[in-house]
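Working notes, structure below.
In what follows, chains carry the letters A, B, and so on, assigned in the order in which the sequence lines appear, proteins first and then strands, with residues in each chain numbered from 1.
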Amino acid sequence: MSTIVVKHEDRTAELESGATAIQALKALEAVRGQIVAARVDGDEWDLDRPVPDGATIDPIYADTEDGRAILRHSVAHLMAQAVTDLFPGAKWAIGPPVENGFYYDFDVETPFTPDDLERIEARMSELMKERQAFVREELSKDEALELFADQPYKREVIERVAAGGAEEDAVAATTADAEVRGGEPVFTVYRNMRSEDDEAWVDLCRGPHIPSSDRVPAFKLLRTAGAYWRGREDQPMLQRIYGTAWESKKALDAHLEMLEEARKRDHRKLGRELELVHFPEELGSGLAIFLPKGALVRQQMEDWIRAEVIARGYEPVYTPHVAREDLWRISGHLENYGELMFPGMELDDGSAYRMKPMNCPFHILAYKSRTRSYRDLPLRLAELGTVYRFEKSGVVNGMLRARGFTQDDSHIFCRADQIVDEVVGCIEFARDLYQAFGLGEPSRVAVSTRPEGKSVGTDEQWERAEDALKRACEASGYDYVVDEGEGAFYGPKIDIHARDAIGREWQLTTIQVDFTLPDRFEMSYIGDDGEPHQPFMVHRALFGSIERFFAVMLESFNGAFPTWLAPLQVAVVPVAADFVDYGLEVAAALEERGIRVHVDDSDDTLGNKIRKAKTSKTPYALVVGSDEAEARTVAVNPYAGDRRRAVPLDDFVDEIATEVADRRTAVPAAP
RNA sequence: GCCGGAGUAGCUCAGUUGGUCAGAGCAGGCGAUUUGUAAUCGUCAGGUCAGGGGUUCGACUCCCCUCUCCGGCUCCA
């Protein structure tokens, strides 16, 4: 009997040849919790799969992200098996784990209903009780094709993987891959076995999986959705079921609880409750009204950016909301995005106008208002420009995806040698902005490179610009990823994303290099050589869309804005009508320092007045009664933090004035 | 745009198999109460049940169309 040696950390063990991963882990005393799979020389490995001689083995625990992904992938298989049982003839596409869960796509006669989800869940629970083993098996391409003879989507995946095309289709690659041995691709399938010779189901899959179906501690199916096969609009629409699975009932419940809490932070809900914004149906889809309180918050944002822009050497401009259609023809927007622009306005004299979807052509016209010299560069033109884009009906989402929104837009015209500095300046500007508004680290910074197919500019231009953007990211200290082929047709870009309450990522900041507009508009400047040259152009919007940023911020703060941003900063609450006069004095002292304050002189009970201040998330409630009036103090009840009594009025005024002047975004510790 | 779900007072919701079922709480008006830290009491007013067709003796309820919203997919200059 031959033996093998396996390693874990600084331990080794000698085992019989053919020993499985779990046997190895036990021999290595490397089992300290709920294990779903192993990592063998870096590769994820089924627990009952034999390990090679000399392997280094680590456990993958259920309560780690890798472990959960394996668990979820296995639950996706069980769901597909349940669907196959309940909906004969269903074709399965792919079912990978995703962040916080998994999904599986099916081609079925009729879409799933919410009731179907319950039936599927119930069936899955039965399958789990059957203690089905997940058994790995290797097949040749032909064997795999035969096994999935009646599963066209599986066959397509097999063909594409065999042709080496799976890399272009990252999602398919997560559900199947093929190792090439002796020039032939080897596919793996996982059979769900009720017993040694009783097969329940089989799926094409790279694995690994949990050993057995009863090792699913907690799962739940969440929702159904349509999804295009291979994510392409020209492909059939499949029916997707999303679910989630966790290492324990407790972890599942915590996740569901978190989702429930997140739904309460929805900016549309908070915006209505706090009377910040309004989306009346009469107005039109994707259009928002900022109510007075929302407008106050927005003004803080606008005031901040207006002041910063001037401090950083930009020059403000103002431009109209419409322009002749020809302008959009020259810019190329009509050609490239015509369907996403609001329809034209035909005038009696035969001319046509369009609402602006971007501000750049206007800023270019500003540039071209006179002959430019290299001494003018970089020229940074800035505007809070409101644009209108006819977003497709299914994508409109409150203020996160609107049809009318305002960009803190700027276009920087510069020489080639100035691009890196300018982009670095933009990123630093963005950093300061996230800092000021308390959003913390962005969820994602991405450099997007040249797209396949239509794009303008030379390879050398793209390479130089992409390099400039990456260097700027590095200089700024942001960790960034490269999104291959995700650039705009006219140039590469840096995007900064943040998450909303339910975890969706939204692009806020965008910084883009443009090769085409200077050319299309025949822009030039006179160089120090006396010859005309073409300037480079950087588009940049830091909030991105004021509306979107506002929404992300609103959700991030759960409606409780930092004092400097809060629409109402102080609610003065007299304990009885007799103390309204002193309350007014308190308010006057605060107003003198620019604090937004309101005296609650209603005849509500004290408790209710406090409650109104709390539910409106006003940063401070100041309770005033006889004690306070006599001693010229206030009782401070902050929205978050500890209550304090007998705070001298002058001290509180200084405190809050400083807090606002410093634009503090964190709740200060109680002194 | 595609797939699914939803739309009853300003808000959150209840309305059994089509037959006084158009209701409640909060918010709002008015009156009483004058309060020491998250809901005082009473009273009044509010809805073409998203809109438009249809089926029926009768439609919030069933069918069709449109609009809007929600969750996905696709898209996002």
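For B:rU35, the OP1/OP2 oxygens have no side-chain nitrogen or oxygen of A:Asn608 closer than 4.0 Å. For B:rG72, one of the phosphate oxygens OP1 or OP2 lies less than 4.0 angstrom from a side-chain nitrogen or oxygen of A:Arg504. OP1 or OP2 of B:rU40 lies within a sub-4.0 Å distance of a side-chain N or O belonging to A:Thr605. Under 4.0 angstrom from either OP1 or OP2 of B:rC76 there lies no side-chain N or O belonging to A:Asn397. Not one side-chain nitrogen or oxygen of A:Lys609 sits closer than 4.0 Å to the OP1 or OP2 atom of B:rA39. Considering only side-chain N and O atoms, A:Arg232 lies nowhere under 4.0 angstrom from the phosphate OP1 or OP2 of B:rC75.
Nucleic acid contact class of A:Phe489 (heavy atoms, under 4.0 Å, all strands): none. Counting any heavy atom pair closer than 4.0 Å across all strands shown, A:Gly625 reaches a base atom. Nucleic acid contact for A:Gly544: none, since no nucleic acid atom lies under 4.0 Å from a heavy atom of the residue. Residue-level contact check: A:Phe279 touches neither bases nor backbone, having no heavy atom under 4.0 Å from any strand. Using a 4.0 Å heavy-atom cutoff across all strands shown, A:Glu335 reaches no nucleic acid atom at all. Note on A:Ser331: nothing from the nucleic acid sits closer than 4.0 angstrom, heavy atoms only. Contact annotation for A:Ala635: base contact, defined as any heavy-atom pair under 4.0 Å involving a base atom. Across all strands, A:Arg645 comes closer than 4.0 Å to base atoms (heavy-atom distances). Counting non-hydrogen atoms under 4.0 angstrom, A:Gln512 reaches the backbone sugars and phosphates but no base. As judged by a 4.0 angstrom heavy-atom cut-off over every strand, A:Glu391 is placed among residues making no nucleic acid contact. Counting non-hydrogen atoms under 4.0 angstrom, A:Lys493 reaches the backbone sugars and phosphates but no base. The residue A:Gly231 sits close only to the backbone: its heavy atoms come under 4.0 Å of sugar-phosphate atoms, none of a base.
Judged by distance alone, with hydrogens and angles left aside, A:Tyr228 brings a side-chain donor or acceptor within reach of the base of B:rG1, the pair sitting under 3.5 Å. Looking at A:Thr113, its side chain has no donor and acceptor atom pair within 3.5 Å of the base of B:rG4. For B:rC75, its base sits under 3.5 Å from the side chain of A:Arg401 at one donor and acceptor pair at least. Looking at A:Glu273, its side chain has no donor and acceptor atom pair within 3.5 Å of the base of B:rG10.
The pairing partner recorded for B:rC2 is B:rG72, the criterion being a Watson-Crick or G-U wobble arrangement whose two distances lie under 3.5 angstrom. The pairing partner recorded for B:rG31 is B:rC41, the criterion being a Watson-Crick or G-U wobble arrangement whose two distances lie under 3.5 angstrom. B:rC13 is paired with B:rG23 under the Watson-Crick or G-U wobble criterion, all donor-acceptor distances under 3.5 Å. The pairing partner recorded for B:rC67 is B:rG7, the criterion being a Watson-Crick or G-U wobble arrangement whose two distances lie under 3.5 angstrom.
With B:rC69, B:rU74, B:rU37 as the choices, the nucleotide that has an atom nearest any side-chain atom of A:Val396 turns out to be B:rC69. Set against B:rC73, B:rG36, B:rG4, the side chain of A:Pro111 has B:rG4 as its closest nucleotide. In the set B:rU74, B:rA77, B:rC69, the nucleotide with an atom closest to the side chain of A:Ala488 is B:rA77. The side chain of A:Ala576 sits closest to B:rU34 out of B:rU34, B:rU74, B:rG4. Among B:rG72, B:rG36, B:rU34, the nucleotide with an atom closest to any side-chain atom of A:Met237 is B:rG72. Nearest nucleotide to the A:Leu340 side chain, out of B:rG1, B:rA77, B:rU35: B:rA77. Set against B:rG7, B:rC73, B:rG1, the side chain of A:Ser393 has B:rG1 as its closest nucleotide. Comparing B:rG7, B:rC3, B:rG1 against the side chain of A:Val395 picks out B:rG1 as the nearest. The side chain of A:Glu281 approaches B:rC67 more closely than any other nucleotide in the set B:rG71, B:rG36, B:rC67. Of all nucleotides listed (B:rG36, B:rG71, B:rC3), B:rG71 comes nearest to the side chain of A:Arg268.
Side-chain contact between A:Pro442 and A:Ile496: present, with at least one pair of heavy atoms (C-beta onward) separated by less than 4.5 Å. Between A:His278 and A:Arg272, every side-chain heavy-atom pair lies at or beyond the 4.5 Å cut-off.
Counting to the nearest Å, the P atom of B:rC76 and the NE2 atom of A:His497 are 13 Å from each other. Here the P atom of nucleotide B:rA77 and the CG atom of A:Asp483 are 12 Å apart, to the nearest Å.
Within the 3.5 Å criterion, the main-chain N or O of A:Arg401 finds no donor-acceptor partner in the side chain of A:Asn397.
Ring orientation note: the planes of A:Trp328 and A:His333 are nearly perpendicular, at an angle over 60° on the 30°/60° scale. Ring geometry, A:Tyr388 versus A:Phe342: the interplanar angle exceeds 60°, so the pair is classed perpendicular (tilted spans 30 to 60°). Using the six-membered ring where Trp is involved, A:Phe106 and A:Tyr104 have ring planes that are parallel, under 30° apart on the 30 and 60° scheme.
Residue-to-nucleotide proximity on RNA chain B shows that, of A:Gly487 and A:Val623, the 5′-proximal contact is made by A:Val623. Taking for each of A:Arg240 and A:Met358 the nucleotide of RNA chain B with the nearest heavy atom, the 5'-most of the two is the partner of A:Arg240.
For B:rG46, the O4'-C1' to base torsion is within 90° of 0; the nucleotide is therefore syn.
The pair A:Arg645-A:Glu628 counts as a salt bridge, with a side-chain nitrogen and a carboxylate oxygen less than 4.0 angstrom apart. A:Lys293 and A:Glu275 are joined by a salt bridge, as a carboxylate oxygen and a charged side-chain nitrogen come within less than 4.0 angstrom of each other.
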